[in-house]
Structure formats: structure tokens, C-alpha cells
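For reference, the structure I am asking about is given below.
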Amino acid sequence: MSEDRENRENRDRLRIAVQKSGRLSERSLDLLRRAGLAFRSSGDRLFLHGENMPVDVLLVRDDDIPGLLVEDNCELGIVGRNVLDEQRLAAPERPAPKELQALGFGGCRLAIAVPDNGTIASIDDLSGKRIATSYPALLGDWLRTRNVEAEVVLLNGSVEIAPRLGKAHAICDLVSSGATLAANQLHELVTVMKSEAVVALSPHAQSAAIAAQIDRLCGRIAGAQSSDGVRLLMLQAPRSALPAITRLLPSRNPLSVLSLDDRPDDVAVQVLCSDALNWQHLEELKRLGAHGLMVLNVERMLA
Ligand code: ATP
Ligand code: ZN
């Protein structure tokens with residue numbers, strides 16, 4: 001047994017890899033904090049020691065996260081689906097990390113974009129053309145399934161200037177607002193994949209202790225995430241106004257309706273609302289007879 005493997009089997013702390021600095025870093029660490037993890041930074045800022053749970057955080061480049069999971073250096077990672085799927089398709093022979101849950105941030109799409117004043121107007125027009133990308137496996141797979149014979153040109157940065165440099169006729173790159181494309185006189189032709197940050201799991205079997213930690217942390221992450229943007233609306237109203245109030249609520253969740261001891265015609269209502277609950281909603285509810293309206297942020301939820 002290699003020393004590495006022996007170390008792992010003796011390990012009783014869960015390791016989760018997150019992006020050290022970039023678009024996903026802040027939201028990833030914030031999510032872990034909201035999942036209840038408090039951590040202390042090591043001197044080199046590569047490792048955060050979990051102080052209140054047996055969980056440590058590795059701070060790495062996002063591209064390294066799938067490899068760390070495959071090599072079993074850590075059990076969980078927070079990474080863009082684009083990075084995870086690219087590495088899975090690029091090395092189909094090796095065990096692949098599994099996507100456990102989507103996190104609702106880091107949203108973007110991998111899209112093929114073409115010059116504004118060019119001749120490419122449809123997917124068919126891509127045949128025989130060169131497409132520059134940092135995602136050769138995802139693009140190659142997409143082209144194959146659509147029977148488009150285009151040449152994939154691998155570029156590791158500044159993909160969006162490839163057409164102007166004459167290196168490619170089109171690009172395939174990550175887009176969120178589209179501002180970078182517009183600034184380079186490019187527009188989207190088609191979406192290759194939709195991506196967001198996800199929790200990924202190592203493909204290796206875990207000890208019972210680590211498996212229990214994984215379940216616990218993932219349950220908390222799901223809870224922290226599902227409480228994101230959720231509000232608890234509380235109000236009192238005449239019992240007779242309840243049907244009209246229910247119709248107006250921006251929520252399909254079941255209501256809790258409580259009787260009030262000293263006012264038999266009134267009820268107290270509580271309901272979770274995940275949609276925007278604005279002043280106008282409250283004013284309309286008030287017009288229907290509701291009073292004592294209160295909107296509270298929901299910090300934690302455990303199903
Ligand atoms: P690293 O130094 O860790 O390698 P990076 O430059 O590769 O960083 P970032 O630009 O920070 O990575 O992007 C990280 C992830 O954020 C992407 O893989 C993607 O999942 C997501 N993302 C969301 N919107 C965008 C966007 N507009 N452009 C690029 N990535 C985006
Ligand atoms: Zn990267």
C-alpha cells in the first residue's frame with residue numbers, strides 16, 4: 001500500500017477543494033460558512049483548518065479540482081460544471097468525479113460565438129471552419145454529436161481575440177452577460193452547455209467516518225442553499241379573508257394557519273416565500289384585511 005493511500009485511510013478529516021482566487025472563491029467560502037463551518041487560515045493561505053467540524057478546505061486553481069478528486073487528495077470540490085465535464089470527456093478512461101449538487105451561482109454558458117460582420121449565420125456554416133476554445137473536449141463532443149466537421153483550435157487564454165488575429169473563424173467560450181463578446185464584435189450562435197458551480201465527489205470509496213462527514217456537510221450545504229432568498233411571511237387576518245389572501249401570495253408553499261386565543265374570527269398565518277416579496281405585495285395583503293405583517297429572512301433549513 002502506498003504511503004499516500006495509507007495516509008488517506010488513516011485520515012478522519014474531510015477535505016473539500018475550492019477555487020483559491022477567482023469567480024467562484026468568495027461564494028464557495030461563503031456557502032461553507034453558511035453551512036456552519038468556521039475555519040482558520042494556515043500561513044501559506046493554501047489550507048483552511050475547520051475549527052468546529054472535521055473538515056479542511058484546500059484552496060487551489062479551479063482546473064486542479066477534478067484531478068485532486070480523481071487522485072483522492074480530497075473527497076469534495078466546488079467547481080464549475082464546465083471544468084468537471086471537460087476533464088471527464090478529455091480522459092474517458094479514468095474514473096470521473098460525480099456531480100452531487102448544483103449550487104445556483106457561477107452561472108454561465110459555453111457558447112459558440114461568431115464575428116458580427118462575418119458569414120457564419122447557422123450551425124451548418126461552421127463546417128470546415130476553425131473554432132478557438134479552451135474547452136476542446138466539450139466542443140469536440142458537441143461537434144461530433146451534431147455531425148459538424150470543424151477544426152478545434154486550442155487556446156488557453158484570450159480566446160475572444162482569436163478571430164481578429166486570424167487564428168480562427170469562431171470561438172467557443174464561457175459567456176455570462178455577453179459584454180466581452182460584444183466588446184470584441186462577436187455574438188452568440190449557439191449554446192454548447194449550461195454551467196454553474198457544483199459540488200463534486202471523488203470517485204473513490206470512502207471510509208465510514210468520511211462518508212458520514214460527506215453526508216453531513218452536503219445536507220448542510222443543501223440547507224444553506226435552499227434557504228437562500230427564502231423569506232418567512234407572517235401576518236394576522238380575518239379568517240374570512242384567507243381565501244383571497246392565499247390567492248395573492250407569491251408562494252405555492254402550504255400555509256400554517258393558527259387560531260388566536262382571544263380573537264376567534266382572526267387567524268395568524270405563516271408561509272415560506274421564495275419569490276420576491278415586495279412592498280406592493282404587503283400593501284395588497286393589507287388591503288385585503290391582513291395586519292401585523294412581518295417578513296423575516298430564513299437563515300437555515302433542514303429537510
Ligand atoms: P483559476 O486561476 O482558478 O484557474 P480561472 O481564470 O480559470 O481561475 P475564473 O475566471 O475565476 O477561472 O472562472 C471560474 C469559473 O467561473 C468558470 O470555470 C465558470 O464555471 C464560472 N464562470 C461564471 N461566469 C463566467 C464567465 N463569464 N467567464 C468565465 N467563467 C465564468
Ligand atoms: Zn482555471
Side-chain angles (χ1 to χ4, degrees), residues 15-32 41-42 44-48 56-71 73-74 76-91 96-114 131-142 152-164 168 170-201 221 225 228-229:
R15 283 189 184 168
I16 178 163
V18 309
Q19 191 186 23
K20 183 175 195 297
S21 89
R23 293 173 197 262
L24 305 182
S25 310
E26 216 171 295
R27 294 289 302 266
S28 303
L29 290 177
D30 182 54
L31 181 64
L32 294 177
S41 175
S42 68
D44 56 10
R45 292 268 302 121
L46 296 176
F47 194 83
L48 303 174
D56 295 322
V57 182
L58 300 183
L59 300 171
V60 297
R61 287 200 54 192
D62 66 344
D63 316 73
D64 294 338
I65 293 176
L68 288 167
L69 294 166
V70 170
E71 300 296 326
N73 295 114
C74 56
L76 295 177
I78 297 181
V79 64
R81 181 182 296 132
N82 50 300
V83 172
L84 203 60
D85 288 1
E86 172 67 21
Q87 296 201 21
R88 177 174 51 77
L89 286 170
K98 185 170 153 221
E99 179 177 325
L100 280 189
Q101 61 197 81
L103 294 174
F105 63 87
C108 57
R109 52 201 181 276
L110 185 66
I112 296 179
V114 296
I131 310 176
T133 189
S134 312
Y135 293 89
L138 281 168
L139 173 60
D141 187 62
W142 186 89
V152 176
V153 179
L154 175 63
L155 284 188
N156 280 320
S158 307
V159 171
E160 64 282 355
I161 60 169
R164 263 189 294 161
I171 69 165
C172 174
D173 204 5
L174 296 176
V175 184
S176 41
S177 70
T180 309
L181 291 184
N184 287 284
Q185 292 97 49
L186 299 166
H187 63 270
E188 277 177 77
L189 183 70
V190 61
T191 297
V192 169
M193 79 171 294
K194 288 197 175 133
S195 183
E196 65 188 289
V198 303
V199 177
L201 172 70
I221 286 176
Q225 197 205 343
D228 226 9

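Sequential numbering from 1 along the given sequence is applied to the chain's residues. As the structure lists them, so they are numbered: ligands from 1, and atoms in each ligand from 1.
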Self-check item: Is_contact(atom 18 (O) of ligand 1), protein non-hydrogen, under 4.0 Å
Solution: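 Within 4.0 Å of atom 18 (O) of ligand 1, protein heavy atoms are found.
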Exercise. Please identify which atoms of ligand 1 are closer than 4.0 Å to at least one heavy atom of Val83.
Key: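 Result: 18 (O).
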Quiz item: More than 12 heavy atoms of other residues, nucleotides or ligands under 6.0 Å from CD of Glu26: is that the case?
Solution: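 12 or below, so no.
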Exercise. Could you tell me the residue and atom name of the protein heavy atom closest to atom 20 (O) of ligand 1, and the distance to it rounded to 0.1 Å?
Key: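 For atom 20 (O) of ligand 1, the nearest protein heavy atom comes out as Asn82 OD1, 2.6 Å.
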Quiz item: Does some side-chain heavy atom of Ile78 sit less than 4.5 Å from a side-chain heavy atom of Phe105?
Solution: yes
Quiz prompt | Validation row: Pro136, Glu86 side chains within 4.5 angstrom (heavy atoms) | solution = yes
Quiz item: Should Arg81 be counted as touching ligand 1, given the test is an N or O pair under 3.5 Å?
Solution: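 In fact, backbone or side chain, Arg81 has no N or O that close.
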Quiz prompt | Distance filter under 4.0 Å to Gly22 heavy atoms, resulting ligand 1 atoms | solution = 11 (O)
Quiz item: Of the backbone atoms (N, CA, C, O) and the side-chain heavy atoms from C-beta on, which set of Gln19 has a member under 4.0 Å from an atom of ligand 1: side chain, backbone, both, or neither?
Solution: side chain
Quiz item: Is the shortest heavy-atom distance from the side chain of Leu100 to the side chain of Leu76 under 4.5 Å?
Solution: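 Yes - at least one pair of side-chain heavy atoms lies under 4.5 Å apart.
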Quiz item: Does Val152 reach the side chain of Ile131, with side-chain heavy atoms less than 4.5 Å apart?
Solution: no
Quiz item: What protein heavy atom sits nearest atom 11 (O) of ligand 1, and how far off is it?
Solution: Arg23 N, 2.8 Å
Quiz item: Quick one: which of Glu196, Glu86, Arg61, Lys20 has a heavy atom closest to atom 4 (O) of ligand 1?
Solution: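 Selected option, by shortest heavy-atom distance: Arg61.
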Quiz item: Side chains of Asn184 and Arg164: donor-acceptor distance under 3.5 Å anywhere?
Solution: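 Arg164 and Asn184 do have a side-chain donor-acceptor pair below 3.5 Å.
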Self-check item: Rounded distance [0.5 Å steps], CD in Glu160 versus CG in Leu186
Solution: 8.0 Å
Quiz item: Heavy-atom contact under 4.0 Å between Ala197 and ligand 1?
Solution: no
Quiz prompt | Atom indices of ligand 1, in the order listed, that fall short of 4.0 Å to a heavy atom of Gly107 | solution = 23 (C), 24 (N)
Quiz item: If we only count heavy atoms from C-beta on, is the Val18 to Leu29 side-chain gap below 4.5 Å?
Solution: yes
Quiz prompt | Asp64/Arg61 ion pair, N-O < 4.0 Å | solution = no
Quiz prompt | Closest Asp62 atom to the Zn ion (ligand 2) [N, O or S only] | solution =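 So the atom name we want here is OD1.
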Quiz item: Of the backbone atoms (N, CA, C, O) and the side-chain heavy atoms from C-beta on, which set of Asp62 has a member under 4.0 Å from an atom of ligand 1: side chain, backbone, both, or neither?
Solution: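 Both the backbone and the side chain of Asp62 come within reach of ligand 1.
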Quiz item: In the protein, what heavy atom is nearest to atom 27 (N) of ligand 1, and what distance, to one decimal place, separates them?
Solution: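 It is Ser176 OG, 2.7 Å.
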Exercise. List the closest protein heavy-atom neighbour of atom 24 (N) of ligand 1: residue, atom name, distance to the nearest 0.1 Å.
Key: Cys108 CB, 3.4 Å
Practice problem: May I ask you to test the Pro97-Leu201 pair for a side-chain heavy-atom distance under 4.5 Å? | Solution: no
Quiz item: Are side-chain heavy atoms of Phe47 and Asp56 found at a separation under 4.5 Å?
Solution: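 When only atoms from C-beta onward are counted, Asp56 and Phe47 do touch, with a gap below 4.5 Å.
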Quiz item: Which atom, among the N/O/S set of Asp63, is closest to the Zn ion (ligand 2)?
Solution: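 Among the N, O or S atoms of Asp63, the one closest to the Zn ion (ligand 2) is OD1.
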Practice problem: Number the atoms of ligand 1 from 1 as they appear, then name those within less than 4.0 Å of a heavy atom of Gly80, with their elements. | Solution: 20 (O)
Exercise. For Leu24, take its heavy atoms, then give the atoms of ligand 1 lying under 4.0 Å from any of them.
Key: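 It comes down to these atoms of ligand 1: 15 (C), 16 (O).
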